[in-house]
Amino acid sequence: MNLSERLTTDRVAAPSQRAARDSLRSQIARLERELAGLVAAGFPHISAAGHRVAVGEREDSPRARPAPRLPGIEDLERERDALVGRLRDTEVAVAQRELHERRARALLQEMELEPARHKFMRLRVADLGGRGCGVYEVRPRLGLIGMLAGWWRLTLSSGCPLGRGRALSARPASLSSPRDRSRSFGSASRAASRACSRASAAGGR
Amino acid sequence: MSAGVHDIEAIEGWRAREVEEELPGLGVAFLHVDLPRSPSPLSASPQPLRERLQTLSNRFNGAKAIALRREPVPSAYRVFFRHIGLDPDAFPTPIEAAVRQRLIDGGFLTRSLLADTLLVSLVDTGVPVWALDAQALDGPLGVRLSREGEPLGGGRQSPPLPGDRLVVADSRLALATLFDEPAAECSVKGRSRRVVLYALQVPGVSWVCVEEALWICRSTLGARG
């Protein structure tokens, strides 16, 4: 029995208004649990944000929380229908995601078996369903020599870039001024390399 | 009402007939506690409590925050939110709001002894607890529907409530809308020496869980029942 049939059966079976509301509440509970399961299993590729953002409203704009109440049958039906819609959307998103990952895994297998046919092709680990910033890439062995000789191989990058550069953290704290510390990784390492070249030039003199 | 697992006995609050008929699993549990003379409940938290918050901060990352909705107690509150016309994705349940804030701030930030105590209990059990100044209350707590134009907490400045909203109330006044902070008139002040801790029980959350949450609050505050 599919979902809409189950819901229809529940609705027809309700003999009175209160029983109908109870039935709707149990449907809402079941749908909410199914949805929560899908969202949690699909993290981070399936969106957890379910509410619709109204026209002219920003996603992060503050909104007044509606006061809790005892919803009537119409409200509960609306809530149930909205959840059914969200569940369907999420199921579609999960299916699309699974297809995407299956294709990515097939491509990775091809890249591994025939790297020369996929020169410089990159594939993110996230596309395979993994977490982190790793990237598979088909690269030549020994750089230019490998390119000329046709020696291609599949490599995996080491992951996410560091939050701050090693050059900056290796410097003693006493040497780095607050201004230095507030610079980005790039400018700080440039400053460090300038200081190194000045020191080596002075040593050479 | 059942005896607590930690030698406390929370009191089961009353429910208005229409609430009981419509939401049979909803309940309010409360506990009177006498605070020690010092420290004030609004003073800074002691070091052990701050360390506890830090330890709890390390339990949560983005994946855990999303996976939380599958756990029994947070899931029960999500379902109940939908039953009372709130969308937990737009207006998160207390535990999800706390974890979301932890991700934004990079940790559970310390605010005061009372606020940190309620937060530790919430993160540990998933059950939200609120505190009221016992002096501002009249009679036992319960859940009922608000009356049209009724002021929250009875203050002159309080905005009037629309009718038929679910509120926590004593025998006289509506004190807080469900799952919201209490009105300023009955909230705990620095000089409060007797407070009432209350928690909301929803279908799927056992009485033991609710008592556990209240017990954590009482023992952390160093209070006597």
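Please read these numbers as outputs of a predicted model, since none were measured by experiment. Throughout, a chain's letter reflects where its sequence line sits, starting with A, and its residues are numbered from 1.
Dense packing is recorded around CD of B:Q47, with more than 12 heavy atoms of other residues, nucleotides or ligands lying under 6.0 Å away. More than 12 heavy atoms of other shown residues, nucleotides or ligands fall within 6.0 angstrom of atom CD in B:E18. With a 6.0 Å radius and a threshold of 12 heavy atoms from other residues, nucleotides or ligands, B:Q135 has its CD atom at or below the threshold. Within 6.0 Å of the CD1 atom in A:I145, the count of heavy atoms belonging to other residues, nucleotides or ligands does not exceed 12. The 12-atom threshold is exceeded at CZ of B:R59, counting heavy atoms of other residues, nucleotides or ligands nearer than 6.0 Å. Enclosure of atom CD in B:Q54 is not indicated, since only 12 or fewer non-hydrogen atoms of other residues, nucleotides or ligands lie within 6.0 angstrom. Other residues, nucleotides and ligands contribute more than 12 heavy atoms inside 6.0 Å of the CZ atom of A:R153. Within 6.0 Å of the CZ atom in A:R103, the count of heavy atoms belonging to other residues, nucleotides or ligands does not exceed 12.
When each of B:R165, B:E22, B:R78 is checked for heavy-atom pairs under 4.5 Å with chain A, B:E22 comes out on top. Taking chain A as the reference chain and counting heavy-atom pairs below 4.5 Å, the highest number among B:A63, B:S75, B:A76, B:G85 is found for B:A63. Between chain B and the residues A:D75, A:V39, A:D22, A:L35, the largest count of heavy-atom pairs under 4.5 Å involves A:V39.
To the nearest 0.5 Å, atom CZ of residue B:R82 and atom CG of residue A:L76 are 12.0 Å apart. Atom CG of A:L38 sits about 9.0 Å away from atom CZ of B:R70, to the nearest 0.5 Å.
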Checking side chain to side chain contact (heavy atoms under 4.5 Å, CB included) for the pair B:D164/A:L70: CA distance, chi angles, key distance, verdict?
CA-CA 8 Å; B:D164 293 337; A:L70 297 178; over 6 Å; no

Evaluate side chain to side chain contact (heavy atoms under 4.5 Å, CB included) for A:R86 paired with B:D89, printing each intermediate quantity in order.
CA-CA 12 Å; A:R86 271 202 65 200; B:D89 291 319; 2.4 Å; yes

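The minimum heavy-atom distance linking A:P66 with B:F91 is given by the pair CD-CE1, 3.3 Å.
For chain A, no part of B:L68 is nearby; none of its heavy atoms comes within less than 4.5 Å. The part of B:F81 that comes within reach of chain A is its side chain, from C-beta onward, which places non-hydrogen atoms under 4.5 angstrom from that chain. Contact of B:L161 with chain A is not made at all, since no heavy-atom distance falls under 4.5 Å. Interface remark: A:P68 contributes backbone and side-chain atoms alike to the contact with chain B (heavy atom separation under 4.5 Å).
The residue from A:R30, A:R25, A:R33 that alone fulfils the side-chain contact (heavy atoms from CB on, under 4.5 Å) condition with B:V79 is A:R33.
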